[in-house]
Amino acid sequence: MNSIKLRKNNLCIENISLLTLAKKYHTPFYCYSLTQLKNNFVSFKNTFKSIKPLICFSIKSNSNLFILKELKKIGSGADVVSVGELLKALRAGIKPEKIVFSGVGKTEEEIKIAIKKKILLINAESESEVNLINKISKKLSKKTSIGIRLNPNISGKTHKKISTGSKYEKFGLLYNDFINLCKKVKKMKNLKLEGLSVHIGSQITDIEPFEKVLSLLNKLLKKTNINFKYIDLGGGMGISYAKKEKEINLKKYSQLVKNFLKKKNIRIIFEPGRIIVGNTASIISKVIYIKKSGNKRFIVLDVGMNNLMRPALYGAKHQILPIKKTNKKISGEIEFVGPICESSDKFLNQKSFPRIKEGDYVCLTHAGAYGMSLSSNYNVRPMIAEILVTGSKHRLIRKRQNLNDLIKN
Ligand SMILES: *Cc1c(COP(=O)(O)O)cnc(C)c1O
């Protein structure tokens with residue numbers, strides 16, 4: 001599924017043609033469908049309705065304040081990985097009792113703020129972190145609710161740079177260390193052990209790794225007899241980036257979780273990111289130059305790896321489509337690249353593509369997750385605008401960065 005559709009030879013997002021937007025706003029820019037965003041969240045919620053999980057949207061996947069406010073309105077909590085994300089979640093109106101804090105490197109300052117704000121759970125990832133949370137809580141005369149992150153040593157069968165669940169990764173505590181730490185926490189006066197969290201990676205399209213996690217959790221619960229109030233299963237549900245690509249079977253996942261919960265008095269937390277925002281946005285970009293080099297044709301876009309890092313960072317593929325349909329084609333070796341001075345600043349290779357010329361517009365689809373949130377000012381280039389569409393209306397939800405602000409220091 002995708003938020004853009006072809007109508008009378010024009011690609012449209014909801015009821016507006018991308019060409020209309022391209023003429024109105026400075027390219028490149030991100031363009032979101034609000035209807036798609038809401039549909040994704042509500043559909044996720046409905047799929048798991050029988051177990052009523054707490055859904056904490058993973059803010060690192062997209063931290064636009066307007067998007068966070070919309071998700072808050074339809075019941076979302078937040079999964080944050082820094083104090084910046086925490087403050088943004090609060091600013092969007094998300095209640096502290098719907099916020100969980102993950103990450104291997106929380107600083108003393110970050111922990112202090114999380115405790116003072118009384119968030120639902122700080123998910124600790126090491127014994128040292130647990131000790132620090134206890135020490136700060138004592139100083140502040142508080143009893144802090146924490147979760148501990150388990151490293152299940154289960155591979156998410158995904159790209160190695162977004163896999164987090166194996167014992168070779170820095171995340172969480174291995175099975176035996178986890179159990180030993182739980183025992184220690186029970187004796188700490190300023191901590192309340194309420195949660196177990198686990199997140200094995202991102203863009204997982206196979207159900208099997210999730211199944212393995214649940215059966216490991218069953219074993220752990222039986223063995224330890226710890227009464228966790230919450231089990232936080234993280235996010236990681238994979239989407240399809242192109243037609244016919246596999247995506248996670250959420251229905252199956254919900255059945256597995258439902259079976260897992262039988263005879264247990266536990267509330268499930270999910271931290272979905274990509275599956276909520278991934279397909280909600282496209283980047284609209286202009287073809288600056290078309291350059292022939294030997295047998296190859298480079299199509300130089302005005303969008304760069306600083307705006308969409310996933311292809312360079314993970315070898316991810318985003319479909320590129322001309323925003324006006326034509327039946328004529330070009331063929332040969334075609335490579336879409338950006339303007340950044342790095343060889344890895346490239347998006348896609350094609351053997352054929354609809355005929356396109358300099359000054360035409362294209363869109364890069366499925367860019368809503370880990371798109372804007374991963375962008376940078378590399379090459380002293382401004383962060384680009386974000387536009388949101390609802391029906392026939394469009395509005396700016398983040399201004400393109402001003403060059404004058406960029407050159408100050
Ligand atoms: C990144 C992350 C998520 C979100 O992952 P998605 O693949 O976007 O669903 C959830 N939980 C934690 C701890 C994360 O680091």
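Keep in mind it's a predicted model, so treat the numbers as computed, not measured. When a ligand or atom number is given, it counts from 1 through the structure's own listing order.
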Here the ring-ring contact (aromatic ring centres under 6.0 Å, His included) pairs for residues 82-131, sequence neighbours left out, are none
Looking only at side chains, do N64 and Y30 share a donor and an acceptor under 3.5 Å apart?
no
Determine whether the side chains of E14 and S33 contain a donor N or O and an acceptor N or O closer than 3.5 Å.
yes
Does K223 make a cation-pi contact with Y175, if we ask for NZ or CZ under 6.0 Å from the ring centre and within 45° of the axis?
no
Protein residues near ligand 1, heavy-atom distance below 4.0 Å?
S58, K60, D79, S102, R149, H199, S202, G235, G236, E271, P272, G273, R274, Y370
Parallel under 30°, tilted from 30 to 60°, perpendicular over 60°: which one fits the rings of H366 and Y241?
tilted
Between F353 and F336, is the ring centre distance below 6.0 Å?
yes
